[in-house]
Amino acid sequence: MSALLDVVLPVFLVIGAGYLATWRGLFSEGGVQGLMSFTQTFAIPCLLFQAIATMDLGDEFAWPLLLSFYAGALSGFLLGMLAARAFGRPWEDAVAIGFCGLFSNSVLLGLPIAERAFGMEALRFNYAIIAVHAPFCYLVGVTAMELVRARGESIAGLPRKVVRAMFHNSLVIGIALGFAVNLTGLSLPQVASDALDMMIRAALPAALFGLGGILCQYRIEGDMRIIGLICATSLVVHPAVAWGVGQGLGLSTDQIRASVLTGAMAPGVNTYIFANIYGVAKRSAASGVLIGTGVSILSVSAWLQILP
């Protein structure tokens with residue numbers, strides 16, 4: 001109960017404030033879009049840039065940590081995709097539904113909850129996971145979607161489509177620039193660092209408020225079996241596999257916290273964007289994000305009780 005009250009609820013109260021303000025017309029849909037554009041295109045890329053630029057790559061990019069998290073992510077993707085096919089959905093829908101179990105909300109939810117639960121120092125392993133999160137998930141999702149759409153046709157243009165999907169993402173660009181600074185040993189002038197710090201302080205609170213506004217625009221529609229499947233793969237399967245693999249690989253306490261808690265987050269807004277790009281399973285993806293975010297208030301609290 002203390003984890004729910006002290007860690008999870010403050011984060012969801014900020015989301016709820018954004019939801020309520022949008023629902024009551026106090027914050028326009030245009031304002032929501034502008035706020036999310038600011039956070040996802042500028043403020044959060046600045047946050048990730050600084051985190052990667054100052055990270056100890058040798059210590060924090062440990063392959064057992066990444067294997068633990070991404071084994072869980074792939075399990076959520078494969079189970080979601082195959083179960084959707086078993087429910088009679090077309091392959092294209094099944095890939096989009098599987099993507100909901102693959103792409104957890106590692107930044108907007110994962111970072112503020114992990115920071116409140118375990119402190120800023122523990123976030124270094126969250127950043128290691130996030131550094132390859134969007135590239136990995138888009139690589140898997142776009143590759144799978146293009147393969148099922150091709151079905152017998154040429155896939156010569158597949159690598160170009162995958163690279164374009166990844167590097168049109170501002171988060172990936174921020175991460176890539178952070179790696180460039182880290183590996184070259186460059187240092188920013190103090191005035192630039194101060195400006196960067198100002199952007200970073202605005203990133204997560206504004207993003208959480210904006211996320212509430214985005215969720216207000218979704219409606220619960222679609223096959224409830226599929227929505228339940230999305231919630232199960234993202235909130236249960238992904239973190240459970242991450243926990244099992246992490247225990248088997250002997251992860252440290254901070255590493256297993258980062259792997260499991262990040263994996264336990266609800267599907268990210270990018271899952272709906274992915275479905276919308278391809279025009280498939282949009283109602284299921286939107287409802288999965290909305291319901292999954294609500295249910296995660298309880299599921300994340302349960303994982304916090306389980307974690308060391």
Side-chain angles (χ1 to χ4, degrees), residues 3 6-12 14-15 39-40 42-70 72-73 103-137 170-172 174-179 181-183 188 193 196-209 211 238-239 242-243 246 249 251-266 268 270 296 300-301 303-308:
D6 298 338
V7 176
V8 180
L9 274 186
V11 171
F12 281 92
V14 178
I15 296 173
T39 57
Q40 294 195 305
F42 301 103
I44 292 176
C46 286
L47 170 69
L48 298 178
F49 166 80
Q50 186 189 63
I52 301 302
T54 58
M55 181 182 291
D56 184 341
L57 298 180
D59 179 48
E60 289 150 24
F61 266 84
W63 71 263
L65 168 68
L66 299 179
L67 180 58
S68 167
F69 178 83
Y70 287 105
F103 204 115
S104 56
N105 198 336
S106 60
V107 176
L108 301 190
L109 286 181
L111 287 179
I113 290 175
E115 179 184 352
R116 291 191 61 82
F118 306 119
M120 280 293 296
E121 178 61 23
L123 290 185
R124 66 191 191 280
F125 294 115
N126 293 67
Y127 287 125
I129 290 170
I130 292 168
V132 293
H133 190 227
F136 177 87
C137 291
S170 57
L171 303 183
V172 175
I175 289 167
L177 291 174
F179 273 117
V181 169
N182 190 307
L183 293 172
L188 295 179
S193 290
L196 194 62
D197 287 340
M198 293 175 65
M199 290 284 284
I200 289 168
R201 285 196 295 272
L204 293 180
L208 289 172
F209 190 90
L211 176 60
H238 186 167
W243 169 272
L249 294 174
L251 296 187
S252 70
T253 297
D254 282 347
Q255 287 175 328
I256 204 160
R257 284 172 173 175
S259 177
V260 174
L261 194 58
T262 307
M265 293 301 117
N270 277 293
S296 68
V300 169
S301 299
W303 282 111
L304 286 171
Q305 295 297 323
I306 294 170
L307 287 169

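To the nearest 0.5 angstrom, Leu111 atom CG is 14.0 Å from Arg116 atom CZ. For the atom pair CD1 (Ile15) and CG (Leu211), the distance works out to 5.0 Å, reported to the nearest 0.5 Å. Taking CZ from Arg124 and OG1 from Thr54, the interatomic distance works out to 12.0 Å, rounded to the nearest 0.5 Å. Atom CE of Met265 sits about 8.0 Å away from atom OG of Ser104, to the nearest 0.5 Å. Note that CD1 of Ile256 and CG of Leu65 are 10.0 Å apart. Values are rounded to the nearest 0.5 Å. The CG atom of Leu208 sits 6.5 Å away from the CG atom of Leu204 when rounded to the nearest 0.5 Å.
Of all non-hydrogen atoms in Pro205 and Val14, the two that sit nearest each other are O-CG1, 3.9 Å. The shortest heavy-atom contact between Asn126 and Ala258 is OD1-CB, 3.5 Å. Residue Ile52 comes nearest to Asn182 through the heavy atom pair O-ND2, 2.8 Å, listed as atom of the first residue, atom of the second, then distance. Listed here is the closest heavy atom pair of Ser106 and Ile130: O-CD1, 3.6 Å. Minimum heavy-atom separation, Ala114 to Leu261: CA-CD2, 3.9 Å. Annotation for Thr39 and Ala207: closest pair CG2-N, 3.6 Å, computed over non-hydrogen atoms.
In this structure, the side chains of Leu108 and Gln40 come closer than 4.5 Å at one or more pairs of heavy atoms. Between Ile306 and Val260, the closest side-chain pair of non-hydrogen atoms is not below 4.5 Å. You'll find the side chain of Leu67 reaches within 4.5 Å of the side chain of Leu249, heavy atoms only. Phe125 has its side chain out of reach of Thr262: every pair of non-hydrogen atoms, C-beta onward, lies at least 4.5 Å apart.
At least one donor-acceptor pair under 3.5 Å links the side chain of Tyr70 to the backbone N or O of Ile129. Remark: side-chain polar atoms of Asn105 are not paired, donor with acceptor, to backbone N or O of Ala266 under 3.5 angstrom. Using a distance-only test at 3.5 Å, with no hydrogens or angles considered, no donor-acceptor pair links the side chain of Ser259 to the main chain of Gln255. No donor-acceptor distance shorter than 3.5 angstrom exists from the side chain of Ser296 to the backbone of Ala264, with no hydrogens or angles considered. A side-chain donor-acceptor contact under 3.5 Å links Ser68 to the backbone of Ala242. Judged purely by atom type and a 3.5 angstrom limit, Asn270 has no side-chain atom pairing as donor or acceptor with the backbone of Phe103. Listed for the Arg257 side chain is a donor-acceptor partner under 3.5 Å among the backbone atoms of Pro308.
Remark: Phe42 engages no residue in a ring pair (Phe, Tyr, Trp, His ring centres under 6.0 Å) (not counting sequence neighbours). Evaluation of the ring pair (Phe, Tyr, Trp, His ring centres under 6.0 Å) rule for Tyr127 yields no partner, not counting sequence neighbours.
Relative orientation of the Phe69 and His133 rings is perpendicular, given thresholds of 30° and 60° on the angle between their planes.
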Next item on the list: Decide side-chain contact (heavy atoms from CB on, under 4.5 Å) for Leu188 and Phe49; before the verdict, give the C-alpha distance in whole Å, the side-chain angles of both, and the deciding distance to 0.1 Å.
Entry: CA-CA 12 Å; Leu188 295 179; Phe49 166 80; 3.8 Å; yes
Next item on the list: Evaluate side-chain contact (heavy atoms from CB on, under 4.5 Å) for Phe118 paired with Leu304, printing each intermediate quantity in order.
Entry: CA-CA 10 Å; Phe118 306 119; Leu304 286 171; 3.9 Å; yes
